[in-house]
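Note sheet for the following structure.
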Amino acid sequence: SIALGDSIFEVLLFWSAVDPPSALRLLAPPFSRNRIIVQYALRVLKNLPPVSLLFYLPQLVQSLREDEFLLYEKAILDMAKSSTFVAHRLIWALQTECEYYVWGKRKAPEEDSLAEKCNRLREKIVANFDEHEKLSYQHEFDFFHEVTNISALLKPFTKAQRKIELKKEVAKIQLNA
């Protein structure tokens, strides 16, 4: 029997890559308590082409719960630096986890919770953007905020009035090229 703390796992760093779902399983307990196993799994994910990585971003973000060595966070930052497209998708995935609701009411995230970790990581990714990337990020997220905010503006209206008000609100949206 091999214990998770055994040095035999050091050879993992030289193994060929497993498939991404297997790598993600290695980021969950009980394997997440072994630094070498985590390094191996993250290496597998970091070496994926950006397009392939996109499919696994939600699971990767969820795995931040197990990040006791801060290796997941560093790997995610590296992935975000490798591609602006991946960075934007990561921000969307992180932002989804930043929203913390209890019984339908938004709450401040607890310290060291997944929501708090995701918010901190999202801020680091945006801070690493150059001026052009920050401008692009701001345009994209402002646009989606403006679109999704329409539902809050329509809430006080009756069902019949909403259709008319929706057309008015959509007409106000400015599209930036």
Side-chain angles (χ1 to χ4, degrees), residues 4-5 7-100 109-148 174-177:
L4 278 177
S7 61
I8 191 139
F9 288 107
E10 290 177 16
V11 297
L12 261 179
L13 298 176
F14 303 104
W15 283 11
S16 61
V18 294
D19 61 337
S22 296
L24 286 166
R25 277 194 297 279
L26 293 174
L27 295 177
F31 308 109
S32 62
R33 292 190 282 278
N34 184 297
R35 185 183 194 97
I36 293 171
I37 293 174
V38 168
Q39 287 175 327
Y40 169 73
L42 290 172
R43 184 195 63 168
V44 168
L45 295 171
K46 282 170 54 174
N47 286 324
L48 288 175
V51 173
S52 300
L53 181 63
L54 296 177
F55 183 73
Y56 302 103
L57 292 182
Q59 296 92 324
L60 185 60
V61 168
Q62 286 284 324
S63 73
L64 281 167
R65 286 187 167 96
E66 308 301 328
D67 193 10
E68 65 182 77
F69 306 114
L70 296 179
L71 294 172
Y72 299 55
E73 185 174 318
K74 183 183 179 324
I76 289 173
L77 281 171
D78 289 344
M79 290 172 197
K81 288 177 187 175
S82 72
S83 161
T84 305
F85 186 65
V86 170
H88 280 246
R89 290 293 188 93
L90 262 168
I91 291 170
W92 281 113
L94 291 165
Q95 193 165 308
T96 300
E97 297 300 332
C98 287
E99 302 297 321
Y100 183 73
E110 298 170 15
E111 189 176 328
D112 211 38
S113 68
L114 178 62
E116 197 264 350
K117 287 178 182 178
C118 288
N119 194 41
R120 183 179 62 239
L121 189 52
R122 183 176 53 83
E123 289 171 0
K124 286 180 181 180
I125 290 171
V126 173
N128 285 331
F129 283 159
D130 62 28
E131 287 305 311
H132 175 72
E133 292 168 330
K134 278 184 185 173
L135 188 61
S136 174
Y137 159 79
Q138 202 60 51
H139 284 302
E140 177 183 345
F141 282 78
D142 286 350
F143 172 76
F144 281 102
H145 175 72
E146 196 173 354
V147 170
T148 56
Q174 300 279 324
L175 296 178
N176 297 329

Spacing of [atom1] belonging to [X] relative to [atom2] belonging to [Y], to within rounding of 0.5 Å:
| X | Y | atom1 | atom2 | answer |
| --- | --- | --- | --- | --- |
| L27 | L64 | CG | CG | 9.5 Å |
| L48 | S82 | CG | OG | 10.5 Å |
| E97 | Q62 | CD | CD | 4.0 Å |
| I91 | L57 | CD1 | CG | 11.5 Å |
| D142 | E140 | CG | CD | 10.0 Å |
| L77 | L70 | CG | CG | 10.5 Å |

For a quick test of reading the model, state the closest non-hydrogen atom pair linking [X] to [Y] and the distance between them.
| X | Y | answer |
| --- | --- | --- |
| V44 | V18 | CG1-O, 3.4 Å |
| A41 | A23 | CB-O, 3.3 Å |
| S16 | Y40 | O-OH, 2.7 Å |
| A87 | I125 | CB-CG2, 4.1 Å |
| L94 | C118 | O-CB, 3.5 Å |
| R35 | L71 | CG-CD1, 3.8 Å |

Criterion salt bridge (Lys or Arg N to Asp or Glu O under 4.0 Å) against E73, the qualifying member of R65, R120, K117: R120

Take atom NZ in K134; do more than 12 heavy atoms of anything else shown fall under 6.0 Å from it? yes

Just to verify, what does N128 make a side chain to side chain donor-acceptor pair (under 3.5 Å) with, not counting sequence neighbours? none

Taking S136 for its side chain and E133 for its backbone only, find out whether a donor-acceptor pair lies under 3.5 Å. no

For M79 and L45: C-alpha separation, side-chain torsions, deciding distance, then whether side chain to side chain contact (heavy atoms under 4.5 Å, CB included) applies. CA-CA 9 Å; M79 290 172 197; L45 295 171; 3.9 Å; yes

Check against side chain to side chain contact (heavy atoms under 4.5 Å, CB included), V126 and E123: CA-CA 5 Å; V126 173; E123 289 171 0; 5.9 Å; no

What residue pairs, at least two apart or across chains, pass salt bridge (charged side-chain N to carboxylate O under 4.0 Å, His left out) with a residue in residues 37-54? K46-D78

What residue pairs, at least two apart or across chains, pass ring-ring contact (aromatic ring centres under 6.0 Å, His included) with a residue in residues 68-94? H88-F129, W92-F141, W92-F144

